[in-house]
Amino acid sequence: MAIYVDPPLWPAHGTVFSHLVSDTSLDELHAFAAAAGVPERAFDGDHYDVPERRYDSLVLAGAIPVEARILVRKLIASGLRIPARERSKALTVPLLERWNAIYPGHEELGLELLERWGEDGRKYHSRTHLLAVLEALDVLTEPALPARTVSLAAWFHDAVYEGVAGQDEEESALLAEHRLTAAGLAPADVAEVARLVRLTSSHQPDPGDHAGALLCDADLSVLGADEQSYARYLAAVREDYAHISDDDFATGRAAVVRHLLELDPLFHSERAQGLWLDAARRNLAGELA
């Protein structure tokens with residue numbers, strides 16, 4: 001059992017950062033960080049980000065200094081490493097690039113939304129989910145691009161998240177109406193974005209609602225994930241509802257799963273059905289069992 005730290009080489013917030021990892025367990029890592037006074041907010045899934053000024057004190061506290069490449073090898077060998085695309089903080093730059101491609105000239109609004117998606121306590125409804133929905137939209141529309149209103153709805157659909165079904169979607173839609181109107185988006189487009197955001201509450205678009213079907217399919221694409229990814233999704237959803245007792249969560253989650261299994265269709269486009277339907281039904285039925 002050992003704690004490792006690499007040199008402070010990673011620039012951010014006007015300084016450079018080191019990474020602090022364990023070669024054995026996250027419990028060991030958290031205990032070391034707490035004893036060394038490293039705040040919980042510095043944890044990023046499988047490591048702590050620590051500023052240059054803390055490096056010497058961490059080494060004195062027992063962290064073993066190693067080159068960055070060695071630290072990565074230790075982390076991989078431990079089995080604790082989380083791929084970069086699944087770490088919320090690591091997605092800031094690629095997501096902001098996507099935002100600027102969708103709605104150029106409004107970077108401040110994009111940054112506000114990223115802050116919302118990166119709020120403490122979000123586990124599933126995080127930047128990772130946002131990126132997954134945007135990537136699913138790409139897959140469903142290629143070689144074309146998703147309509148801007150659909151992409152904007154993806155950005156806003158969980159921008160407000162308190163874990164209250166229906167209320168979250170409504171408040172997210174109201175946020176979209178306010179922010180996009182202030183940003184100068186055409187009123188008809190603002191209304192369409194808000195409509196699509198509200199639709200993610202039920203995932204039941206009307207027949208012929210291509211845009212609504214597209215967003216709903218992308219939002220539910222996680223249901224068709226492989227077994228390991230689906231298990232991570234379930235664990236993250238449980239953490240999102242950590243304020244609810246196990247019994248109440250089990251009851252509520254079972255109702256959600258039954259509702260999803262009863263949706264006909266669960267996915268609306270042929271492409272989504274081909275990609276995710278069989279796995280989604282298998283995952284949902286297995287969870288309910």
Kindly give the heavy-atom pair with the smallest separation between Val197 and Ala153, and that separation in Å.
CG2-O, 3.7 Å
Short side-chain to backbone donor-acceptor contact, Thr141 and Leu137, under 3.5 Å:
yes
I'd like to check Ser172 versus Glu169 (side-chain heavy atoms, cut-off strictly below 4.5 Å). Are they in contact?
no
Return yes if some donor-acceptor pair links the side-chain N/O of Ser221 with the main-chain N/O of Ala218 below 3.5 Å, else return no.
yes
Just wondering, are more than 12 heavy atoms of other shown residues or ligands nearer than 6.0 Å to CD in Glu115?
no
Measure from the side-chain N and O atoms of Asp168 to the backbone N and O of Tyr161, and report whether any donor-acceptor pair falls under 3.5 Å.
no
Give, for atom CZ of Arg73 and atom CG of Leu75, the distance between the pair rounded to the nearest 0.5 Å.
13.5 Å
Scan Leu175, Leu185, Asp189 and name whichever one has a side chain to side chain contact (heavy atoms under 4.5 Å, CB included) with Leu180.
Leu185
Looking at Val139, is its backbone amide N or carbonyl O close enough to the side chain of Arg271 to form a donor-acceptor pair, meaning the two atoms are under 3.5 Å apart?
yes
Do Leu266 and His203 have side chains that approach each other closer than 4.5 Å (heavy atoms only, starting at C-beta)?
no
dist Ser25:OG -> His30:NE2 (nearest 0.5 Å) comes out at 8.5 Å
Whether over 12 other heavy atoms sit under 6.0 Å from Arg281 CZ:
no
Give a yes or no on whether Ile3 and Ile76 share a hydrophobic cluster (residues Ile, Leu, Val, Met, Phe, Trp, Tyr; joining criterion: side-chain heavy atoms under 4.5 Å apart).
no
Checking Thr149 against Glu192: is there a side-chain donor and acceptor pair closer than 3.5 Å?
no
Between the main-chain N or O of His125 and the side-chain N or O of Asp240, is there a donor-acceptor pair closer than 3.5 Å?
yes
For the residue pair Glu28 and Ser22, what are the closest heavy atoms and their distance?
OE1-OG, 2.5 Å
Within the 4.5 Å heavy-atom criterion, are Trp99 and Leu95 side-chain neighbours or not?
no
Only one of Leu80, Leu20, Val21 passes side chain to side chain contact (heavy atoms under 4.5 Å, CB included) with His47, and that residue is Val21
Would you say Leu113 and Leu130 make side-chain contact, with heavy atoms under 4.5 Å?
no
Answer with yes or no whether the hydrophobic clustering places Tyr124 together with Val164; edges join I, L, V, M, F, W, Y residues whose side-chain heavy atoms lie under 4.5 Å apart.
no
Same apolar cluster (I L V M F W Y, side chains within < 4.5 Å links), Trp155/Leu199
no
Counting distance only, does the side-chain N/O of Ser18 pair as donor-acceptor with the main-chain N or O of Asp6 below 3.5 Å?
yes
When rounded to the nearest 0.5 angstrom, what distance separates CG in Leu140 from CG in Leu275?
7.0 Å
In one Ile/Leu/Val/Met/Phe/Trp/Tyr side-chain cluster, 4.5 Å: Val72, Val5:
no
Run the side-chain contact (heavy atoms from CB on, under 4.5 Å) check on Trp117 and Thr128 step by step: do they pass?
CA-CA 9 Å; Trp117 282 95; Thr128 303; over 6 Å; no
Report, as yes or no, whether the 6.0 Å neighbourhood of atom NE2 on His259 holds more than 12 heavy atoms from other residues, nucleotides or ligands.
yes
Of all heavy-atom pairs linking Ala183 and His106, the shortest is O-CE1, 3.1 Å
Taking the side chain from Asp206 and the backbone from Asp209, do they hold a donor-acceptor pair closer than 3.5 Å?
no
Output for pair (Arg54 CZ, Leu60 CG), nearest 0.5 Å, gives 11.5 Å
Is it the case that the ring center of His19 lies less than 6.0 angstrom away from the ring center of Tyr4?
no
Would you mind listing the cluster partners of Leu145? Hydrophobic ones only (ILVMFWY), side-chain contacts under 4.5 Å, chaining allowed.
none
In the structure I gave you, are the side-chain heavy atoms of Asp138 and Arg98 within less than 4.5 Å of one another anywhere?
yes
Classify the ring geometry between Phe249 and Tyr241 as parallel (under 30°), tilted (30 to 60°) or perpendicular (over 60°).
tilted
Nearest heavy-atom approach of Pro51 to Thr15 is CB-CG2, 4.4 Å
I need the minimum non-hydrogen distance between Ala36 and Leu58, along with the two atoms involved.
CB-CD2, 3.8 Å
Could you pull out all residues at least two apart from Arg253 that satisfy side chain to side chain donor-acceptor pair (under 3.5 Å)?
Tyr233, Glu287
Gln273 (side chain) donor-acceptor with Phe267 (main chain) under 3.5 angstrom:
yes
Which heavy-atom pair separates Ser269 from Asp217 by the least distance, and what is that distance?
N-OD2, 3.0 Å
Pick from Arg238, Glu239, His129: which one makes a side chain to side chain contact (heavy atoms under 4.5 Å, CB included) with Lys123?
Glu239
Geometric class of the Tyr48/Phe43 ring pair [parallel <30°, tilted 30-60°, perpendicular >60°]:
tilted
CG (Leu114) and CZ (Arg127) are apart, to the nearest 0.5 Å, by 5.0 Å
Do Ser201 side-chain atoms and Arg198 backbone N/O form a donor-acceptor pair below 3.5 Å?
no
To the nearest 0.5 Å, what is the distance between OH on Tyr55 and CZ on Phe17?
15.5 Å
Expected output: side-chain Asn283 to main-chain Ala279 donor-acceptor under 3.5 Å
yes
Any side-chain heavy-atom pair from Leu174 and Val160 closer than 4.5 angstrom?
no
Does any non-hydrogen side-chain atom of His157 lie less than 4.5 Å from one of Val133?
yes
